[in-house]
Amino acid sequence: MFLLGGFQVKLDRILPYARILLEKAVSPGDLAVDATAGNGHDTLFLASLVGESGHVFAFDIQEQAIENTRKRLQENGVQERVTLFHKSHDELKSCLPADCAGSIAGAIFNLGYLPGGDKHVVTKGHSTIAAIEHLLDCMASGGIIVLVVYHGHPEGAVERDELLSYVKALPQDKAHVLHYGFMNQVNSPPFIIAIEKR
């Protein structure tokens with residue numbers, strides 16, 4: 001429960017719900033992907049889920065994001081569980097080790113721009129969709145991709161529309177797709193798209 005406008009709300013907020021979904025998919029010993037490392041919060045969370053016997057692969061196109069993530073992982077003593085790539089998430093297929101094929105249990109994207117960073121550097125629909133397709137090829141059956149869609153800026157609205165069009169067209173025999181978000185809040189609140197590989 002949390003307070004919204006002075007009232008207790010029982011519905012999970014967006015970021016906590018994203019983590020609930022990841023907890024359903026990722027267990028100790030698993031492989032996971034943070035497609036947008038950002039400031040390292042999700043990378044650290046995934047590292048805690050995979051444990052000492054698992055591994056996380058984290059991507060970001062901004063050097064500052066990679067440094068922020070590296071620092072956060074070191075502060076928490078889990079840097080050995082994570083491989084960082086200063087690359088776009090649409091390059092993940094060529095970066096992941098060959099033995100990852102069919103083994104990725106979970107992945108997360110926080111779309112938009114780096115909090116506290118350059119707001120002109122944003123994720124784009126075409127690269128995000130390419131990364132999703134690569135992940136669906138690499139994931140285990142039952143694996144979950146969580147996309148947190150921030151669309152309160154012009155480029156975010158374009159990416160939102162491209163993503164919604166793409167996921168609505170995914171065949172049911174390939175994936176289950178969930179759309180979760182608050183519909184009556186102001187200022188274009190973020191929402192979740194979750195894709196479960198069948």
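The first residue in the sequence is number 1, and the count goes up from there.
- The minimum heavy-atom distance linking S88 with I61 is given by the pair CA-CG2, 3.3 Å.
- The shortest heavy-atom contact between I192 and Y17 is CD1-CD2, 3.8 Å.
- In this structure, the side chains of I14 and Y180 come closer than 4.5 Å at one or more pairs of heavy atoms.
- How far CG of L96 is from CG of L31: 9.0 Å, rounded to the nearest 0.5 Å.
- Residues F109 and T123 fail the side-chain proximity criterion, which asks for heavy atoms closer than 4.5 Å.
- A heavy-atom distance below 4.5 Å is not found between the side chains of V177 and K168.
- In this structure the side chain of F182 reaches within 4.5 angstrom of the side chain of L11, judged on heavy atoms.
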Kindly indicate, with the supporting measurements, whether the criterion side chain to side chain donor-acceptor pair (under 3.5 Å) is fulfilled by H86 and E63.
CA-CA 6 Å; H86 181 207; E63 182 64 36; 3.0 Å; yes
Mind running side chain to side chain donor-acceptor pair (under 3.5 Å) on S127 and D90 for me, showing each step along the way?
CA-CA 5 Å; S127 62; D90 64 357; 4.8 Å; no
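- Side-chain contact check for L49 versus E23: some heavy-atom pair is nearer than 4.5 Å.
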Let me see the working for C95 and F59 under side-chain contact (heavy atoms from CB on, under 4.5 Å), right down to the final yes or no.
CA-CA 10 Å; C95 295; F59 294 79; 3.8 Å; yes
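- Within the 4.5 Å cutoff, no side-chain heavy atoms of T36 are placed close to those of T128.
- Residues H126 and Y166 have side chains not in contact (no heavy-atom distance under 4.5 Å, counting atoms from C-beta outward).
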Residue pair D60, T69: steps toward the side-chain contact (heavy atoms from CB on, under 4.5 Å) verdict:
CA-CA 10 Å; D60 209 291; T69 300; over 6 Å; no
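- In plain terms, the two heavy atoms of S141 and R198 that are nearest each other are OG-C, 3.4 Å.
- The side chain to side chain donor-acceptor pair (under 3.5 Å) check on R70 picks up E67, with sequence neighbours excluded.
- The CD1 atom of I108 sits 4.0 Å away from atom CG of D42, with the distance rounded to the nearest 0.5 Å.
- V56 is not listed as a side-chain neighbour of R81, based on a closest heavy-atom distance of 4.5 Å or more.
- Expressed to the nearest 0.5 Å, how far CD1 of I195 lies from CG of L21 amounts to 11.5 Å.
- Expressed to the nearest 0.5 Å, how far CG of L164 lies from CD of E159 amounts to 10.5 Å.
- Applying the side chain to side chain donor-acceptor pair (under 3.5 Å) test to residues at least two apart or on different chains, the pairs with a partner in residues 46-59 are H55-T83.
- Between F191 and H179, the angle of the ring planes lies from 30° to 60°, which puts this pair in the tilted group.
- When all heavy atoms of N68 and G38 are compared, the pair lying nearest together is CB-O, 4.2 Å.
- Under the 3.5 Å distance criterion, the side-chain polar atoms of R160 are left unmatched by any main-chain donor or acceptor of V149.
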